[in-house]
Structures are given as C-alpha cells and as structure tokens.
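Note sheet for the following structure.
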Amino acid sequence: MEIFRNMWRRKFRTFLTIIGISVGIFAFTVMGSLALKLNKMIDGGKKYITGQISIAPKGTNFSTGQMSGTLPIDTLNKIAQVEGVEAVEPSVSLALDEPNPDEPVSMGMGVPPTIYTIDPNSNFKNRNWETLEMKEGELIGVDNSDDEITIGHTIALDKKWKVGDEVKIRGREFKVAGILEKTMTGPDSYVFIKLPIVREMYIEANPFLKSLKEKADEAAKVSDTELSKLSPEAREQIVQAKSFNVNDISDSASVSWKDGEDPEKVVERIKEKFKNDVVVLSPKKMGEEIDKASAMFNAVILGSAMLALIVGLFSIINTMIMSISERTKEIGIKKAIGASGWSIALEYTVEAGVISMLGGLVGMGLGVLMATLVNNKMAEKGAEIFLIESGFLIQVIAFSFIIGIVAGVIPAMRASKMKVVEAIREL
Amino acid sequence: MEQDVVVSAKGLTKSYRMSKTNIVKALCGVNIEVRKGDFSAIIGPSGCGKSTLMHILGLLDCPDSGELFIDGEDVTNLKDRNAYKIRAQKIGFIFQGFNLIPTLTALENVVLAGKYGGMKSKARKDKAIELMKLVGLEDRMNHKPSELSGGQQQRVAIARALMNDPSLILADEPTGELDTKTSLEIINILKKLNKEGKTFLIVTHNMEVAEACKKTIRLRDGNNA
C-alpha cells in the first residue's frame, strides 16, 4: 500500500516512467506475438520436413528457396529401389495465381498461396504428418475426379471458397471437395490437386515446357511409317520430341523409409548413388537448417524489442534514483527506528518492480489490443500475423516485473547503504 | 556490569574532518551512565556535542574511541548491518521535528516500528492502537501527519518510540518545535511514562524540560562538565 502512495506522490513522474516501460513492453508483446506466430509456422514446416527425406533438382538452394529445374523421373524410380526406401512421391508445386505484372508483389506473411500435388496412388507417408485433419468435406483421394480439390484454411477464407463451390484456377474449372482444419503452417495456404493435373498446369505456366509438349504432341501424330521416310536429322528431332513425357515433370520428391530403418543411413545410401543427379536432404539436416534460420530470426525480432526495453529500464533507474534522493529523510527515519538495509533495499526494489509491472500491464494491454485488431482485420483473409498466447502474456508481465527489479537494484542498494547519521542530518 | 545499567559509555570521542586542515572534535572522552527508570537530561550550549552523543548512544554513528554498552552488550563498533536490530528492539527515538513518514497514517507510522522490531502483523496493529490510546490520539489514528498539529505529531512519535518496549528512549529536543502549552503536555506524557518504568535520556536546552528531569548531565566543549 505504501508503495502505491509513494508512487502517487509524484504522479506525473510515475506516469512518465510507466509510459517509458510500457513502450518497451508494447514492442516486446507485439514482436513476441509475431515471433510466436512465425515459430508456429516454422515448427509446422519443420515437423513436416523432418518426417521425410526430401529430393530436389540438382542446383536447388534451400537457403534462398531457389528451385532449379525438374527432377529426372528415371532417377526417382531408381531411388525407389534403394535399400530402406519405402516409397518415392514426386510432386509439383505452382503459385495459385498467375503472376500479374501490373500488380505490385504483395509481401504477405508465411507461405504464399500454392498449388500442391496429391498422389492418391502413392504409398508415401510422411512419418510426422500422416493425416491432414479436415474441417469440412474430404481430402481428395482415388475416388475423387480430377477436377476436385481440397483447400487449406487460409485459402478458404481468402478466396471465400466453400465445399461444393465451382472455382476457377489458372483458367481451369475445379470443384471444392474439402477444406482442411487450420494447421498454422504450410497446408493452410495450399490447394491440393491431383498430380497429373498439376503437371499439366505446370507445363501450361512454363513457355519452354509448353513448346516441348506441343512438339511432342505434333510428333505423336507422326506414324512410324512416316517417320521411316524422313531424313535422319528430321527423324532424330521427331524421336527427341516424342521422348518428352508429361509424367517426367516433378520439381521435388518426398521419400519415406521403411519401418525400423535409420533415415540418415537411407539418405547416405541415396547420396552414394545419386549425389551427382539430385540434392538429397536428410530430415536431421533440414531440422538443423530450420532451427538455425528460426534462431536468427527470433534474435532479430526479440533484439529490437529488447532495445526498447533497455530504454524503459533506464527510465526506471532514473526515477528511482530521483525518488531516493528525495526520500533520503525517510530512509534516515526508517533506519533510525530499526529498518535494516535489506528491508530498505527490498522496499525500493519492489517499488521499481511494481512501477515496471504497471508499465508492463499497460504496454501488454496495448500490444494485445493492436495484435487483436490487426489479426481481426487479417482474419478475413485468413492471414493472422500474431499469435497471442496466455502463457506468453504471463511471461511478459513477469518479465516486466523482473526488469523493474533489475532496474531498482542499483538505486535500492544506494538507499540501503545510506549512512543513517548523514540521512538524519537532512532532517 | 550492574543489572540495572541500561547504557554505559566511557571515554567516547568523535571528530569530524570538515576539510584537510579543519578537524572538529565533537566529543573528547565523554562518560555517561543511564540506569533503568532514569529520566535524565543532557544539557549544554550549542555545539557542545549533545547531538553527536545522542547519535552515538542511538547507534546512528560510531565513536572514534571509547566504550559503549547497551544492556550489558558491547556495541561500540557495531556495524550498521547488526546495529539495526539493537535500534529496533532496544532504543526508541523521539526527534525534534517529529519525523513521521508523511505518506503513512498516524497508526501506520506506529505500526512500522513494530514491523522493524519483528512483531507479527496482528500483534503490532493491536499494540499500536493501544499506544495511540495511551497518548490520547485514538480518534486521530487514521490521519496523515500533515493533518495533525505539532503536539499530536510528537505524541505519535512517542507512541512509535514505545512500540517495541525499548530499554532506552532517546529524545532529541522533544519540545523544540512546540509552543509552551504543548511542550508541557509532552513533558507530562514523558513523565507519566517514566513513572510506569520507561527510561528516558533527553537532549535539550530547554531549562523547563531539564528541570522536569530527575538527573542532568552537562556537556561543555565535548566533555562532561
């Protein structure tokens, strides 16, 4: 009670100090909620990526996300024969919307809307993510027709698509068969379409592949009899054009291992044979890469919030030092009537802690308000950028109290060491 | 040491260095003995060392040399980290300027001394109420010092000094800031408490206060006169 009365003595100064610390805690709450959201997304991605062995075309850079070409299907078929490999599932991914050069690139959070393949005939199973929970409808499988799709939570919100809706994607007609439950990670932004259809769309989107396919289609019309009549050069070209197969198109592949197999050993076996043809990424290595990236990311986000907090910390130190110099007389009286140095130090430290905690409550309240308002706005598009967790908020308040305690220690120690007789002389 | 000696000081000296060359000798070997139930006054002209002696006897400062015993315990060179216990439990202070904590009510000021003396929460509140009644302020308990008159504030300070049943109550010019009538009231309260067995050592240059005391200790130029 005395603490609040002491704070009330210098209302304006206490108010300014509370504002100082609340700015820091506001930044900490907002940045922390942002980091929580991104970490949740990253964790989901990590869970998925560490449940499989990933194969990418040679030259792919996973740090920059730059993909390079397509995977040779022959190699994938051979990888399926490697000891310990259970199944290989080729996949193709494609941006949901065709890029529009007249519209600026939107800098959204997380995974952009993506078409992702599903191959109902594949035996591949991600070890960490065997099933996707459905919110509504079904995940497309063998029984669904080629024009049926399953969409992620964010896509459903953003596009306002419902189960049963007829929708148009890249000029093709599809029917929504199901909507996934919110995963807080990649699949929220995916549209799952059967593999052969995505391959066709992938070729459509790529002028080079499109011309190859057109040539192949033309070449397919040339009969063997006609072919034998052509010159050797023309025959060679037609044969080459005919060799193009839509089923060869895949920009990545996922490999699952047999029960009881060590995935790292399976990775070694694949690398041993195919390191010159494809990039093989082990679950362990991918997990480490993701951890490294998220640690760096968290450090940047939380570091900037910390900077704001340090400013707040100094404002508390300043306030407490001023407060102590004003209350030298009281410290003298208290010591004269029997207060120990420890009890004086405790009194001032707790006062600093309470000031800081009040600032923390204000800052956290404003932070939560802002995050909620932004999230509500973004929720219409299913793209919330903050994750507000009660556990984190409790930590924020505890942290603000600790900051105050830390800031209060130095002034409090000064108060506790004050010579009684010197303080008394101020009387 | 005799059982009823509360304070025994021998050859207390204290100097203050004002500058490199100016050293002021405040006490030059003062001897003093206070027995249980004493009602003594320390008198002397300004600058004779009264306040310095008071600070040393109240363990607010250390002597340069000499011996100081309180209740038979050698406290001559007690460090501050240990002195607070003696201050809390064996010494009660009454200051000239009352020195109440302005943010606390009269009752809370009294309770605070009990807290530092290690009393339990309920016990210290009960005792403080009892003491406020003793000094006739039961109807002003919840008032802040700024809402009390000088005499009322000094009565709160007396109640605070009594809170931990100290062996010795040191009063530094207890009537220094009060009018004659109120001074008399305060002296009467102190005398009444002395009759009930409380031991007082009062620093004063008010001759009326000194005359009210049973014993007078005179100081001159830092020495016993």
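All values below come from the heavy atoms of this structure, side chains included, with hydrogens, waters and symmetry mates left out. Chain letters run A, B, ... following the sequence lines, proteins first and then strands; every chain starts at 1.
Atom NZ of B:K25 sits in a sparse spot, with 12 or fewer heavy atoms from other residues, nucleotides or ligands closer than 6.0 Å. For A:F15, the CZ atom is loosely surrounded, since the number of other residues' heavy atoms within 6.0 Å does not exceed 12. The environment of CD in B:E196 is crowded: more than 12 heavy-atom neighbours from other residues, nucleotides or ligands sit within 6.0 Å. The environment of CG in B:D221 is sparse: at most 12 heavy-atom neighbours from other residues, nucleotides or ligands sit within 6.0 Å. In A:R13, the CZ atom is crowded: over 12 heavy atoms of neighbouring residues, nucleotides or ligands sit closer than 6.0 Å. Applying the 6.0 Å contact sphere to NE2 of B:H205 captures no more than 12 heavy atoms from other residues, nucleotides or ligands. For A:K47, the NZ atom sits in a packed shell: over 12 heavy atoms of surrounding residues, nucleotides or ligands are nearer than 6.0 Å. Annotation for B:M141: atom CE counts as buried by contact number, over 12 foreign heavy atoms lying within 6.0 Å.
Neither the backbone nor the side chain of B:I91 comes within contact range of chain A; no heavy atoms are under 4.5 Å apart.
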Run the numbers on A:K329 and B:N99 for side chain to side chain contact (heavy atoms under 4.5 Å, CB included), then give the verdict. CA-CA 8 Å; A:K329 176 177 172 171; B:N99 294 330; 3.7 Å; yes
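Ranked by heavy-atom pairs under 4.5 Å with chain A, the list B:G58, B:P102, B:G97, B:G92 is led by B:P102.
The shortest distance between side-chain heavy atoms of A:R327 and B:I101 does not fall below 4.5 Å. Looking at heavy atoms from C-beta onward, A:K419 lies out of side-chain contact with B:D61 at the 4.5 angstrom threshold.
Below 4.5 Å, heavy atoms of chain B meet heavy atoms from A:K334, A:K335, A:A336, A:I337, A:G338, A:A339, A:S340, all part of residues 334-341 of chain A.
Distance CZ/B:F95 to CD1/A:I333: 7.0 Å, rounded to 0.5 Å.
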